[in-house]
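The structure presented is a predicted model; accordingly, all values stated were derived computationally and were not measured. Proteins get letters first, then strands, A, B, ... in listed order; numbering begins at 1 in each.
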Amino acid sequence: CWGKQNLKSLLKLIVIALTPAAARDEFQEELVIRPLHSGDIYASFQFRTLWDTDFLQEGQKVSHYRLFPKSLGQVLSKFSVRELHISFTQGFWRTMQWGQPFIPSPPGAELWVWFHDTVSDVDGNWKELTNVLSGIFCASLNFIDLTNTVQPSASFKPLGLGNATDHRFLRYATLPREIVCTENLTPWKKLLPCGSKAGLAVLMKSEKLFHSSFHSQAVHIRPICQDEQCSSKAWELRQTLNVVFDLHTSGQGKKEWSLFKMFSRTLTEACPLASSSKVYVDITDNPELFELSPATPLLGQAVVLGDRRTYSVYDLSRAETFGQLRSFNLLLRWKGDSDMLRPLLHAERYVAGFGLQTGEIHTVIYNNHPYRAFPVLLMDSVPWYLQLYIHTLTVTSKSRDNKPSYIHYQPAKDRHRPHLLEMLIQLPPHSMTEVTVQFERALLKWTEYTPDPNHGFYVGSSVVSALVPSMVAMRTNFTQDQPLFSSFVPVKEESSYFVRVYTEPLLVNLPTPDFSMPYNVICLTCTVVAVGYGSFYNLLTRTFQVDEPSPPLSKRLANLIRRMRGVPLLT
Amino acid sequence: MAAPLTLLLIVAVTIRAVLFRSSWAELISERVEVVSPLNAWKRVVEGLALLDLGVSPYSGDVFHETPFMIYLFHFVVDYAEIVFMIADGITAVALYLSIQTYNKNVFRKQKYALESDRYPADCLELLRSPKEMFYIPLKVAMFYLLNPFTILSCVAKSTCGLNNAIIALFILCTLKGSALLSGILLALATYQSIYPLTLFAPALLFFLQRLYIPVNLRRSSFWFFTLQYAFIYVGSLVVITGLSFFLLGSWDFIPSVYGFIFSVPDLTPNIGLFWYFFAEMFEHFRLFFICVFQINVFFYTIPLSIKLKEHPVFLIFMQIAIISIFKSYPTVGDVALYMAFLPAWSHLYRFLRNIFLVSCVLLACSALFPVLWHLWIYAGSANSNFYYAITLLFNFGQILLVSDYFYAYLRREHHLTHGLYLKKKDGTEATLVLK
């Protein structure tokens, strides 16, 4: 038997020696359920794949993919992408009723990419990248072109590694009109290592997910440090899906939620490829607010969005979570009502004015902190056919003029690029700041209108980015075992946390020409020009002459006969 | 004549000042008939604001004024209202003086022709008397200053008023005989908007007539003077363009100003023919029709110059009218400039055929423009076709007006050479036709 053992270990050694050193990759999945005070329920899925490899290495093509999806890996190396963030959202996040989301996203599709500094033609890479991504996600991202792409100078700093300050390598575009449906969910689910067959992804059934107030799926790819000293780097792929189920449409008015009610499925097993698979339920307001079953002894605490929250943790990699029935179904039953803590930063936007000639965009930003003022960076990208007049820009806080300390304005070029306005505004404590700017609506060529021109044209959401002062000290040290939802945004200092708020997109009507008239218009206008030409031609080429009337027919016939006869003619 | 002119100026300034201070000023400066993307005051302010922000005004597509305007308004933007009122006053006084000079010339030529018996006996009633010509310059100034179109244009602070002032000064210098100043001012007018280029021909013809150089392409004296004048004109244009380069240190203003005028990318409605035509144009033919429409403005110059080579001042009137009708972004300020000349041709009244129809059409259209705009943009009960129809009618009326005056002018000239009461071969009264 010594021989057998030795043979086994010898074989193991040989196998290990012969296997090429594969890059290590790791997959984690988690689901956070947060009951909201209005009776709705917020579920946030996060799937993270970490991979120790370098896509941007010269010469070495990565070919052996295991947990990391090959389609995305190839995209990263082909287009020298350093960071990629894409999100598809249906619905608008109601900050005042639901608080801050873990990962904010604007309605429609949003894509922002940091390219590597070695790229020489960023616009060309951007165009190809949007087309490739539109194929991967079955979305019409090919509508992203130079007329709706901007290069923000300060609002979208890299979330991963990289000391990039040159915003020439950044591209940001948003398609507010984009609709999200099952067609987009399916390829998104296919990118997961376990697909939708095992683990948390089995809960993602489209008939329940899209029957919600808010649905957002996103992919975030960035390079990160593996440890404190940043001795090794890895690529991180996060796929997030945020969904808010409405009390009345999905919950039938009963303040009682369960996994089965939300997703029409229960969990049966964790994804075998995942190194950790957990479900977190926010029980900070327990036990007065709601009752949770099955109970669990595991508790976790995390500081997220400036607040210390307590979570019940269910570890799906342990068999006892699933109980006797081999199925895990959470149940939350409401017991009472309470008030929500008001979010510290909130923004709204609307169009004022009447008629189809001019209008005004009003952006209102609320600072609900009782005594702290903090600066926010407001970024507005307005399409070229709404001509902004920057001299009409006014920023007022508490009915007094509030001059922004930094304004970066790039005016639009017709049919080439949109307006980009970025401002750093200091918000006084407990105040409302209003930013107004006037615009004029352009008349477009008849081929530039969408097939439904009277629906209106969408203006993408404004982005308000800020470092909000936090009530609780945020952890700046890096730990591997932090839950995923609290480690998305890197925390640089203890006293504040990063928040990005998206406003509503706007729907603006433009004056339309009559689409049935091209031929008629050409004819009529050319007629008027021809009338001018004709009158001038007559007056220029003809002279005045005395009008000798031509003789009547009888006289002419008589003259004809007389000529034949050789007799003198009649006059 | 100084006293009535001063009184007129005072009345005009009062009307404008009253309107500036009322709530109408804001309303008028938004009207698309009065301002266009080329000369709106809002855009001048926007350009100056962009310059303050450190961005070149020409980097966007909102500012289409020449650097000369930036230079000027950088210093006087707070006194803009006074600047525009002064510009209107300068235009009126320049037109007054030029028509006065022109009338003197006309009367002198008439006297010589009468003394040398060049007029047939029966057309003596067509001759002009000093008494009838006395008030014409004042009427011209009045037609310009008190024209509602001019008042609207001034209250809206449209830079069209400044362009009109430059053109009026050019006409004055031409009629006074100063080739140098005339060339410089024409270069400035061309630099502002390219179309006054066509006024080169009438100015040249006037100088040739004045210096008794016959217009004969085979004679060297003709070419000698033409080259001199062209040199002054082109030279000043080059100098002005070069100076504009040094303002912002780039040639960005050329595509922004001249490229914009020629390629008509902005389809904001105005009183011209271009906007709806190019809004409904098939993409394939766009370039072709742009070229056709732009050539349309310029190509009447040579034929008109040949026909009217003895009458350069009427040619100036015709050219300004053609520019105002067929330019890419016309406004009522351009229309007001050629309408100011109409009293100078008041002796043609008996030969005008359609003047009642034309005045009714123009009045009706001017009244309907704001109504149909409101119905389209604000009430939503009409659509763009209504406004377009009135545009067509207004331009048609203008074309009829100009061609009517041209007809009357040519007819009077014919009568002056052939006699007023023409008889047919059989002795009965004849009718004149164009054949």
For chain A, the option from [options] that forms the most heavy-atom pairs under 4.5 Å:
options	answer
B/Y276, B/F299, B/F289	B/Y276
B/A279, B/A49, B/P269	B/A279
B/R286, B/Q398, B/K42	B/K42
B/L400, B/I399, B/I306	B/I399
B/L392, B/D61, B/V55	B/D61
B/W376, B/Y387, B/F278	B/W376

If you define the side chain from C-beta out and look only at heavy atoms, does anything of [X] sit under 4.5 Å from [Y]?
X	Y	result
A/R563	A/L569	yes
B/L348	B/R412	yes
A/E422	A/Q410	no
A/D514	B/E280	yes
A/Y389	A/T358	no
B/E65	B/F73	no

Looking at [X], I want to see if its [atom1] is surrounded by more than 12 non-hydrogen atoms of other residues, nucleotides or ligands under 6.0 Å.
X	atom1	result
A/R562	CZ	yes
A/L560	CG	yes
B/Y407	OH	yes

At a heavy-atom separation under 4.5 Å, does [X] approach chain B through its side chain, its backbone, both, or neither?
X	result
A/R415	side chain
A/L393	neither
A/E448	neither
A/A442	neither
A/Q387	side chain

Go through the atoms of [X] and report whether side chain, backbone, both or neither lie under 4.5 Å from a heavy atom of chain A.
X	answer
B/F285	neither
B/F274	neither
B/L48	neither
B/L410	both
B/V45	both
B/F386	neither
B/M281	both

Centroid-centroid under 6.0 Å between [X] and [Y] rings:
X	Y	answer
B/H64	B/Y329	no
A/W446	B/F282	yes
B/Y409	B/F406	no

Out of [options], which one racks up the most heavy-atom pairs below 4.5 Å with chain B?
options	answer
A/L524, A/L388, A/T447	A/L524
A/L356, A/I407, A/L443, A/V521	A/V521
A/Y537, A/F354, A/F515	A/F354

query = If contact means a heavy atom pair closer than 4.5 Å, which residues of residues 143-156 of chain A contact chain B?
reply =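 Result: none.
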request  = With sequence neighbours left out, write down each residue that passes side-chain contact (heavy atoms from CB on, under 4.5 Å) with A/V376, or none if nothing qualifies.
outcome  =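 Only A/L345, A/I365, A/F374, A/I425, A/L427, A/V464, A/A466 meet the side-chain contact (heavy atoms from CB on, under 4.5 Å) criterion with A/V376.
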Residues forming a salt bridge (Lys or Arg N to Asp or Glu O under 4.0 Å) with B/R31, sequence neighbours excluded =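 Only B/E33 meet the salt bridge (Lys or Arg N to Asp or Glu O under 4.0 Å) criterion with B/R31.
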task = Name all residues meeting the salt bridge (Lys or Arg N to Asp or Glu O under 4.0 Å) criterion together with B/E26; count only those two or more places apart in sequence or in a different chain, and write none if there are none.
result =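 So B/E26 forms no salt bridge (Lys or Arg N to Asp or Glu O under 4.0 Å) with any residue.
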key: side-chain hydrogen bond (donor to acceptor under 3.5 Å, both in side chains) partner of A/T394, chosen from A/D401, A/N402, A/T436   =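 Running side-chain hydrogen bond (donor to acceptor under 3.5 Å, both in side chains) over A/D401, A/N402, A/T436 with A/T394 returns exactly one hit, A/T436.
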